[in-house]
Each structure stands twice: as structure tokens, then as C-alpha cells.
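So the structure is just underneath, and the comments pick up after that.
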Amino acid sequence: MDARESDAAEDAALARRVIATADTEAEEALCRRLFPRIRAYGRRHTRDDAIAADLAQHVLVVVLEALRAGKIDDVDRLASFVMGTCRNTLLDWRKSERRRLGLLERFGPSFTRAVEPVFFVDRRRLDKCLAHLAPREMSIVAMTFFAELEGEEISRELDMSLGSVRVARHRAMKQLHECMTEGA
């Protein structure tokens with residue numbers, strides 16, 4: 001038995017365990033075995049590491065769902081199922097990308113006139129600016145934008161009046177704006 005046959009036999013044994021007992025350890029082991037192969041397929045066909053990693057994650061989800069649902073009839077041919085899923089996924093992604101590019105080409109000019117430009121944040125600078133806020137103001141900003149709490153909820157949480165929360169948030173936002181635009 002050569003290495004490829006040995007790998008296929010191990011993959012099939014793990015797949016049988018997943019089907020028979022919904023064994024999460026077998027699922028993890030199967031994912032660890034298949035991930036590098038799927039990622040290599042993705043790299044070879046897209047020449048993009050990020051897309052290859054996305055492909056590997058997507059295909060593993062499809063494979064596990066198919067195993068759990070009993071949709072793979074012949075687990076001895078699991079590698080064929082996996083590679084077919086890789087191929088079909090990339091074809092679907094490319095078709096979607098072509099459709100998206102066609103829509104942008106067709107509607108792009110009117111779309112760009114109607115939509116505000118995208119604002120990209122310099123994360124390092126934002127982290128530095130947030131670090132310069134007083135703890136209370138940093139808490140208010142975090143509760144507003146990360147926890148998505150309303151002013152009343154923040155005032156109850158911090159035991160402050162609603163007016164004080166609004167004033168502190170306004171000052172913190174002004175300080176952040178000045179810091180972020182400094183030297184820009």
C-alpha cells in the first residue's frame with residue numbers, strides 16, 4: 001500500500017467514525033488531514049493564500065455537513081468528493097465574481113455618485129488615540145460603538161446622568177477626531 005492509498009484509508013476510517021458516532025475528535029482529525037490538501041489546491045488554482053484558506057474552510061464545512069447528513073455514499077472515495085467540492089466552489093465563486101463585476105460595470109458610475117466614499121481607519125493610530133482618552137470616556141466610547149448601547153443604558157451602567165454621558169461622549173469624539181486627523 002503506497003502513501004496515497006494509506007492516506008485514503010485513514011481518511012475513510014475517520015469519515016466512517018463521523019458518520020457512525022458524530023465523533024468530534026474524528027471530525028477534528030479529518031479536518032487537520034484535509035485542510036493542507038485543500039489549501040494547496042486553492043493556492044494552485046488561485047495563486048492567493050487568503051482565497052486558498054477561505055476555500056479550505058468552506059470545503060471542510062461542506063464535507064462535514066455531507067458526512068453528518070449521510071450524503072456521501074462511498075467514503076472510500078472521499079478524496080474525489082473533496083476535490084470535486086473544491087472545483088465546484090471555485091467555479092461558483094468565479095461565476096459570482098464575474099456577475100458582480102458585470103453589475104459594477106453596468107451600474108458602477110451611478111452607484112459611485114450615490115454612495116459616500118468608504119472611510120478606511122488606520123487601526124494603529126486609532127488604538128493610540130483611544131489610549132489617550134480618560135478611562136470614563138474610553139468606556140463610554142466602547143459602550144456606544146462596540147456594545148452598541150443607547151445613552152440611557154450607558155448612564156445606568158456607569159451611574160451617570162444622561163446629560164453627562166452625552167457631554168463626555170461628545171468631548172471624547174472631538175478628542176478622537178482631532179487625534180485621528182492630526183497631521184493628515
Side-chain angles (χ1 to χ4, degrees), residues 1-127 130 141-150 153 180:
M1 181 184 291
D2 70 357
R4 195 176 297 183
E5 289 171 341
S6 175
D7 283 345
E10 266 187 71
D11 293 346
L14 288 169
R16 284 186 189 91
R17 281 178 48 198
V18 170
I19 292 168
T21 62
D23 183 352
T24 56
E25 289 180 15
E27 288 178 350
E28 288 177 28
L30 188 59
C31 288
R32 275 194 301 276
R33 292 175 56 74
L34 294 176
F35 187 87
R37 293 182 235 165
I38 299 168
R39 188 177 56 208
Y41 179 96
R43 281 185 185 144
R44 187 171 57 250
H45 288 83
T46 67
R47 291 179 172 57
D48 186 309
D49 288 338
I51 293 173
D54 288 346
L55 175 70
Q57 289 178 351
H58 178 81
V59 169
L60 287 174
V61 168
V62 170
V63 169
L64 289 178
E65 286 176 344
L67 285 171
R68 290 175 183 170
K71 293 182 179 177
I72 300 178
D73 297 326
D74 186 4
V75 292
D76 291 321
R77 297 189 39 145
L78 182 64
S80 295
F81 180 83
V82 170
M83 290 301 117
T85 304
C86 289
R87 183 175 38 85
N88 291 336
T89 299
L90 284 179
L91 287 172
D92 286 346
W93 287 358
R94 286 180 180 138
K95 190 185 316 178
S96 295
E97 182 66 12
R98 280 194 301 273
R99 188 175 20 233
R100 187 185 68 76
L101 290 174
L103 288 170
L104 276 177
E105 191 174 289
R106 184 173 167 200
F107 298 110
S110 58
F111 176 73
T112 54
R113 286 190 302 270
V115 176
E116 293 289 324
V118 176
F119 178 70
F120 294 98
V121 176
D122 179 349
R123 291 290 309 249
R124 287 190 182 127
R125 181 176 237 171
L126 179 59
D127 288 341
L130 283 169
V141 169
M143 294 169 98
T144 301
F145 295 103
F146 300 114
E148 297 181 351
L149 297 179
E150 297 293 327
E153 296 169 301
M180 292 295 291

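Residue pairs that meet the side chain to side chain donor-acceptor pair (under 3.5 Å) test with at least one member in residues 45-58, sequence neighbours left out, are Arg43-Asp49. Within the structure, the side chain to side chain donor-acceptor pair (under 3.5 Å) test picks out the following pairs touching residues 71-94 (sequence neighbours left out): Arg16-Asp76.
Scanning for salt bridge (charged side-chain N to carboxylate O under 4.0 Å, His left out) contacts around Glu10 gives Arg33, with sequence neighbours left out. By the side-chain contact (heavy atoms from CB on, under 4.5 Å) test, Ala26 pairs with Leu14, Arg17, Val18, Asp23, sequence neighbours left out. Shown here are the salt bridge (charged side-chain N to carboxylate O under 4.0 Å, His left out) partners of Arg37, two or more places apart in sequence or in another chain: Asp11. Arg68 pairs by the salt bridge (charged side-chain N to carboxylate O under 4.0 Å, His left out) definition with Glu27, not counting sequence neighbours.
The number of heavy atoms from other shown groups lying within 6.0 Å of CD (Glu153) is above 12. Within 6.0 Å of CZ in Arg44 there are more than 12 heavy atoms belonging to other residues, nucleotides or ligands. Environment of CD in Glu28: crowded, with over 12 heavy atoms of neighbouring residues, nucleotides or ligands closer than 6.0 Å.
Using a distance-only test at 3.5 Å, with no hydrogens or angles considered, no donor-acceptor pair links the side chain of Glu65 to the main chain of Val62.
Closest non-hydrogen pair, Ala66 versus Phe81, comes out as CB-CZ, 3.8 Å. Taking all atoms of both residues into account, the shortest heavy-atom contact from Ala52 to Gly42 is CB-C, 3.7 Å.
With values rounded to the nearest 0.5 angstrom, Cys31 atom SG is found 8.0 Å from Ile38 atom CD1. Remark: Leu34 CG to Arg39 CZ distance equals 12.5 Å, nearest 0.5 Å.
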message: Using the rule given for side-chain contact (heavy atoms from CB on, under 4.5 Å), can you reason through Leu90 versus Leu55, listing the C-alpha separation, both sets of side-chain angles and the distance that settles it, and then say yes or no?
response: CA-CA 8 Å; Leu90 284 179; Leu55 175 70; 4.1 Å; yes

